[in-house]
Structure formats: structure tokens, C-alpha cells
Amino acid sequence: MAKSDESRWLPDRRTVLKGGAALAGAAAVSGGLTVKEAQSASPAGTMVIAAPATPQSLDSEYDVSLGTFETVAACYDSIVEFEKIPDAGNAEARREDIKDYPDRPGRVNMKGKLAESWEIDAGSKWVRFKLREGVKSHDGNELTADDVVWTWHRKLALGAIGGFYCNTIDLRRPEQVKAESKYVVSINLDNPNPLLLKLQPNLYNPIYDSKKCKEMASTDDPWAKKYIENNVAGFGPYRIESLVRGQQAVFKGRDDYWGGAPKMSTVIFKEVPTSANRVQLLQGGAVDIAQYLQPLELISLKKAQGVAIDTVPATFMLWIELNAKIPPFDKVEVRRAMNFAFPMEQVVKTVFQSIAYPLNGAMPDLYPGFNGSYFEYKQDLAQAKELLKAAGLEGGFETTLAYNAGDPVQEPTAILYQTALKEIGVKLILKKVPAATFYNNVSERKQPMIFYYDSPWCPDPGYSMNLYFHSKSFINYSNYTNAKVDELIDGAAKTADMDARLKMMDDAQKIVMAEAPWTFGVFTNYSMARRADLKGWTYYTSNNIRFQDFYRDA
Amino acid sequence: MNDNARSASEGSGAERGAVGSKAGSNAALRWQRFKFQLRFLLAVLRARPMFALGYFIVISVIVLGIFAPLIAPYPPETANPEDFLQLPSWKHLLGTDATGMDIFSRIIYAPRIDLTIAIAGTAISAVVGSLIGAIVGYYQELRGIKSFISGFVMRAADVLQAFPVFVFAIALVAIFGQSLQSIIAAIAFVNAPIYLRLMRSQVLAIRNMRYVEAAYVSGASDFTIMLRHIIPNSLGPILSQLSVNIGWSVLLTAALSFVGAGVVAPTPEWGSMIAVGFQSIITGQWWPSVFPGIALALTVFGFALVGASVEVLADPARRRALGGTLKQRAAEAA
């Protein structure tokens, strides 16, 4: 059939194929260019971070999401900080010196941050800080004792995370925090408290610019909650230039920062939810840091050119809560049996690719007073069966383990555990909980077994043991109760005699390890995945990065 | 026995004989018809090899699922950490996943879950949707409460279909809890409006046919008319939709598992296997997700082909056209 006039103008099949090939080629070239661009390093003063999430609320009183940690660390300063030392196992990394120093005031190795000096009572009943003069906030207001007073009063008034810290140091009344002069502030307790100084460098004890906050406060909102939720009002080295939640936050270094302008003048904190994408971006050079990668990804990145992986011991611990209020975990024998059945070696080797190591205690092994010798739970199925028999559960039982869908290591760990438990007659049903509601499930304490991943942010045995094992602690998610343990923890919180405290916490660890309120999992370490030319990384016990530490190799 | 009685008895015997012979001829007729249909089907499959491929895939998947315990070399839910992330080999044909479970064994066990959910969910939606659709179509455009209810049902179906299917299914599973029954219910719920609309449109076309009018004037009730005359004659498109829908439901089941709203781990299910495996593609372990992905794609493809064949075979006009083509080919070959 002859073609009509119009149809002659239409492209034939061959032309379409040729055009398609040309388009595909053009796309490939442009793709190549994109990769090439990605491989070029960020400008010397710019650092790009691929993170699982951007900051949510910026108020450290209420928000504990990942991006918020980094924001608080970059935009606020604490009064004092731990000295930094090189990491023993990694020449490129530094870390806080959190060892116990019996011959120093407060037995800590600290230096001033917003304070230039301090005095502490030998009995840890009071501490007095002399603040630096001339320190300016983001809004140009000068740091004074009133800022520190207002900060602690806000914690007392709001009673959330800061309220917990007030309770921890036994600070009950506003007048216990006093401005002695324009630059001198004191905290005065009714009883000795060993954490009075140790808690000051905590990431969530930042000092606010009270003048700005008071300006932004209203009758309905006297503590400027609305303002602080979306803005920063501190004395830290960075200010937030922009924040688009779900996309990115941009931080700008402050030239007028009291410690000097940070070397990375611009930090772009991008949300990249999938860890595989973060890996690709780091590998391609599009970002300088990829946060929270999976063990297999870290192993594969070790071979990548231009990428450095630093792994250091950390305070991160992964365990499974055994709810003591839900049978059969009310029986010590059953909880011990669950630990003897846990395939620790296999989990470390397969799920964590040997980057983690066994959680052989009830607190981070980096902290003073840790004792790993009470750990006895090497996998032993025969002993596990014996313990079940002693508990009257010779035939086994059925229970449920809830795990976080957002944490890729939990499901394989649970499957390995399930297979091991089958051997002793325990039928483990796995319950996948969406990441968004997982922590509600943890805090409700209604699951018989649930994973938990945490780290105590104060390097103190009493603080750690109190968090997880005191019957009245709000994060004792296993509902563990032991009057003797409570007594020891309370005793350790009321004396500054560190030797006595260490002895008490050792006794408490012995009881806890024997009664096994958790299935003890692993210490996961902390791994920093960065471009090789990015230097200065420092590990903090709060397991977050601080932009001001970084610089680029010339 | 008197003559009358004998003759009556003989008469009844003769009648029985007549019935018996009629039954026999019916059976023979049925057998003849079955043979013809089988020959026709085989001819169709020869003429349209893609249809044959579809049936082959679907039957293979079903057979593998049924006989999985006999075929699978390893238990599908038992971790074997000594063999984690092994490449495909003679020991593990399709390799192993991060917990050392054999991927081949899990793939052939998976249809037991995927097909059960998909077939049950689709069947429920087809029955419920079709019945409602028949009623709605039958009473459409009449006045009174029945018409009002018909309109209301259609608007409700509009609302249901306005939601993105996947999001709607996730929401349903979240509300009713993560269980096999919930996933089946979710699939039934999201699919029902499709059958409702399909049946309604069929009924709207059929209800004005002469034979329906004849049934009506002969005094048959609405229920009888719908059940005996309308629904049986509206089933063609429903049947072809069923097969396509089963494939689609397998995909939806896998998708729900992929986002963590599906079956409970470590149940062998293609979507959850892909979800667990895809994260390690970037680190070079492609096999834990690629093989379940291929199995899933093939199955959905197979059901789509079967659906296409049913669509042709259930439509008298297209069936006749195909029959004509086959005869012509046979004549040309001869």
C-alpha cells in the first residue's frame, strides 16, 4: 500500500531505533558526567553528610532522633567537655578520655568549654563554674551566668529529658542553680552526687541563649518551646542556615565562635534513608560521610578507593529485653536458659561480619567499673534444657520476639535465635514492628521479648546500672526488679566515694548477670565511613559526630 | 401377579431401560464434548505457544508448591549460619541468604504462601464483588430504595477505588494485624470493587435480553432470574479477570511483605526474600534477591498469559474466530 503524503513524514522503525540509540547514548554520557562530577571532592570548606534522617524537633528536651543529635552538637556548647585522646586501636581517630582519674577533682579528665574554670566540692555537693567572657550566641548575645541558670530552670520546669538529668543529680529546686555574679554560676545540691560534674558534658546538657529565648517566649509558652523546636539559640560553632525536613539541613560555621571558626564552614546534612544509597554516594565521592551503614556494606567499602572506615569500640549495645512481668520470663531459670541458647558466635560472625563482639556485661565495657567476668552465657543448649527443666518447662514453650523493621541486623539475628531455640523446644514467633512504632512497643513493655539498642551517655557505672536495672527507671524496659540491686544503685547515687561506688556497682553487675533480665547480645562498635581525605573524627560516648572536629587533608 | 400388573411392571421396566440408555448416551455425549474441547484446547495451545507457556508456568508453580517438601533439599525455615551467603553451587543450587537458608528450597516453598493468599483473596473478592455487582446492576435505574442502595454501593466502590491500592492494603493489614488472614482480607477488599464493576456492566447488558424478560413474565423471582439466567451468562469476563488478578495478587502479597506488612519472617515468601536480599546487592550478593525476583516475575507473567487465554476462550465470538483460524490452518496443512 502506498504511503499517504503525511505518513511519509512520520519516522520509520529504523529511524526510531537510531534515535533511541542516540538518546540512550546521550543519557549514558550525561550519566557518566554525573558520576565524574560526583567523584570530584567537595570544596575544601564544605562537608556533605548522608544520614538516614534530617533533624526533627531541634529541642533536646524532647527529641532524640538521629539528626537532632548532630544539630544539638553543632549548634550548642556545654559548660565543660572531656579531654580528647588518640584512640588506642585507630591512629586516625580520637575519643573522649572517660577513664577514672582518682587524683583529679571529680575523678575526671575534663577541660572547660563555655566555662574557663571550675571548682567542685570534694563531697560533690556543689560545683562552681567561671564562664568565659565575651562568648557570643548565634544572635550576638553575650554568655552570662543567667543563661546557665535559665537552662537548668527550663529542665526543671519542663520535666522531660532535662528533668531526668535533674533527677539524676538530685536537683530539685530552681534556687539550687544560682548566678553568683555575671560570669560565675553554681549548682548546689542537698546531698552529695557523684554525677554532678560528669553529667555536664552530656550532649543533651547544652546551654541556651536565655536572652533570645525570653524574647521568643510568650505567656502560653514561657520556655520558648515553639521557637527552640525549629530554631537554634545557643553558643555553638554552627548555626542552621536552612532546614527542609525529609531533605536536608545546611549548617554554616560561625566566624565569631569563641573557639575560632570551624574548618568546615558549610555542612550539608542530606537525608538518604536507604543505607545502600548512602554507600553509593560515599563511594562515588558525592558525600564525605555516610552514616549508619550495615556490616556487609562496611566490609565492602574497606576495599573502595578514596574511602576510609574507622571502627572503634563504642557504647552501643544490642540486647533483647526479657519481660520479667510476662511468664515464663518471670523465672530466672528461663531467662538464663534463653541466654544459654543464644547463638552469640554465629550472630557475631554472620550478621555482624565480626565487626561486633559479645555483650559480656550489663554496661559499656569502656566505662569505669565494668566487669565482664560475670558473663557465663556461651551457647550451651544442654544447659539451657536443664534450666528449662528446673523451671518446669521441660517441654518448652511458645513466645514472641518483636524486632525493628528498620534495623536490618535484627531480623537475621532473630532468625538465628529462632533456629537455636527450636533445639530446646522453644517456639519463637517473630513479630516485625515498623520502625515508626518500634520504640512505642519498647516503652509500653507489653512484648515478652523485644530488641533494644542503646547506649548510656554518661561514662559512669551508677548511671548505666540505674538506667536499665533500677526497678523505678523509666527505661528499665525488661521490668526487672531486685530489691538488692535497687539498694546498691541508690547507694551508689548518694555518695561521692568512687571506690565504694565501684564496689557497689560490681555487686549489682554480679546479680544482674546471674539473673539475666536481657538476652545479652553484642557490642556493635562504632564505624565511621568517610572520604579518606577527611580527618579529625572524634568518637563521643553519645555516638554522634560533631562537625567542628573535621578538616580536610591539604 | 395379574396381567395388568405385569404389563405395568414391564412398562415401568421399559421406562427404566429408556432412562438408562438416555443416561448412557448423555455420558457418551459428554465424553465426546470433552474430547472435542480437549482437542480444541490443544490446537489452541499449538497455535498460540504463549498460552501454552502460561499454563506450563502456572502448573509448574502449583506442582512445585504442592510437592515442595519432597523436592526441597533443605528445610526452608532453618538457619544454617555455617553456610551464610554462599554463591550458587551444587550444594546450594541458588545459593544461601544471610542466615544460611537455602534459597532454592525457600523459592519452591514460597508458592504455598503466595498462591494460597492470592487465590483465597481473589476468590473471596470475586464471589463477594460479583454478587454485589449483580444485585447493583439488576436494580440500577429503577426507582425506590433498591435503586438508592445501588447508587450508594457504586459511590462506596468509587471511594474505595480512589485510594491507591497498595497504600490501602498496607492500611488494612496495619489495622487488622499482620497475619495470613489479614493479608487475604486486604487482597479481597481491594479487589472486590473490580468484580463489582465488571459484573454490574455485564448485568446491565444482559438484563434486557429477551430470555430474561421471558423469565420475568413467566413469574420467576428476581433471585431466580439473577441466579439462573443473568449470573451464569455474565461469568466470561469474570473468569478471565480472575487469572490476571491472581497474578496481580501474588505481586501485591510480595509487595506487602517487601515493605514489612506481609508474612512473618522467616516464612518462605518471595516478597520478603527480595526485601531481605536486596540490601546486599550493593555489596555484591545478588542471589538472595534476584532468584526470588525471577520466580515472582515468572509467576505473574504465567497468570497473565493464562488470563489472556481465558479471555479468548470465554468469549464466543473470539473463540469462533480462533476456531475458524485453526480450521483454515489445518486445511492449509492438509
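The basis for the numbers below is simple: all heavy atoms, side chains too, and nothing from hydrogens, waters or symmetry mates. Below, chain A is the first sequence line, B the second, and so on; all start at residue 1. All figures in this text were calculated on a predicted structure; none of them were measured in a lab.
- Looking at A/P434, there are no atoms closer than 4.5 Å to chain B (heavy atoms on both sides), in backbone or side chain.
- Between chain B and the residues A/T437, A/L430, A/V279, the largest count of heavy-atom pairs under 4.5 Å involves A/L430.
- A 4.5 Å side-chain heavy-atom check between B/F291 and B/W286 finds at least one atom pair inside the cut-off.
- Salt-bridge check for A/D288 with A/R530: failed, with every basic side-chain N at 4.0 Å or more from each acidic carboxylate O.
- Applying ring pair (Phe, Tyr, Trp, His ring centres under 6.0 Å) to A/F316 and the options A/Y453, A/F352, A/Y452 leaves one that passes, A/Y453.
- Looking at A/A405, neither its backbone nor its side chain comes within 4.5 Å of chain B, counting heavy atoms on both sides.
- Applying the 6.0 Å contact sphere to NZ of A/K422 captures more than 12 heavy atoms from other residues, nucleotides or ligands.
- Under the 4.0 Å criterion applied to side-chain N and carboxylate O atoms, B/D83 and B/K91 are assigned as salt-bridge partners.
- Of the two parts of A/E423, neither the backbone nor the side chain holds a non-hydrogen atom closer than 4.5 Å to a non-hydrogen atom of chain B.
- Aromatic pair A/F342/A/F340: ring centres not closer than 6.0 Å.
- Looking at A/E411, only its side chain comes within 4.5 Å of chain B, counting heavy atoms on both sides.
- Of the two parts of B/T78, the backbone and the side chain both hold a non-hydrogen atom closer than 4.5 Å to a non-hydrogen atom of chain A.
- Listed options A/K431, A/Q418, A/E345 were ranked by heavy-atom pairs under 4.5 angstrom with chain B; first place goes to A/Q418.
- Within the 4.5 angstrom heavy-atom criterion, only side-chain atoms of B/L85, from C-beta onward, approach chain A.
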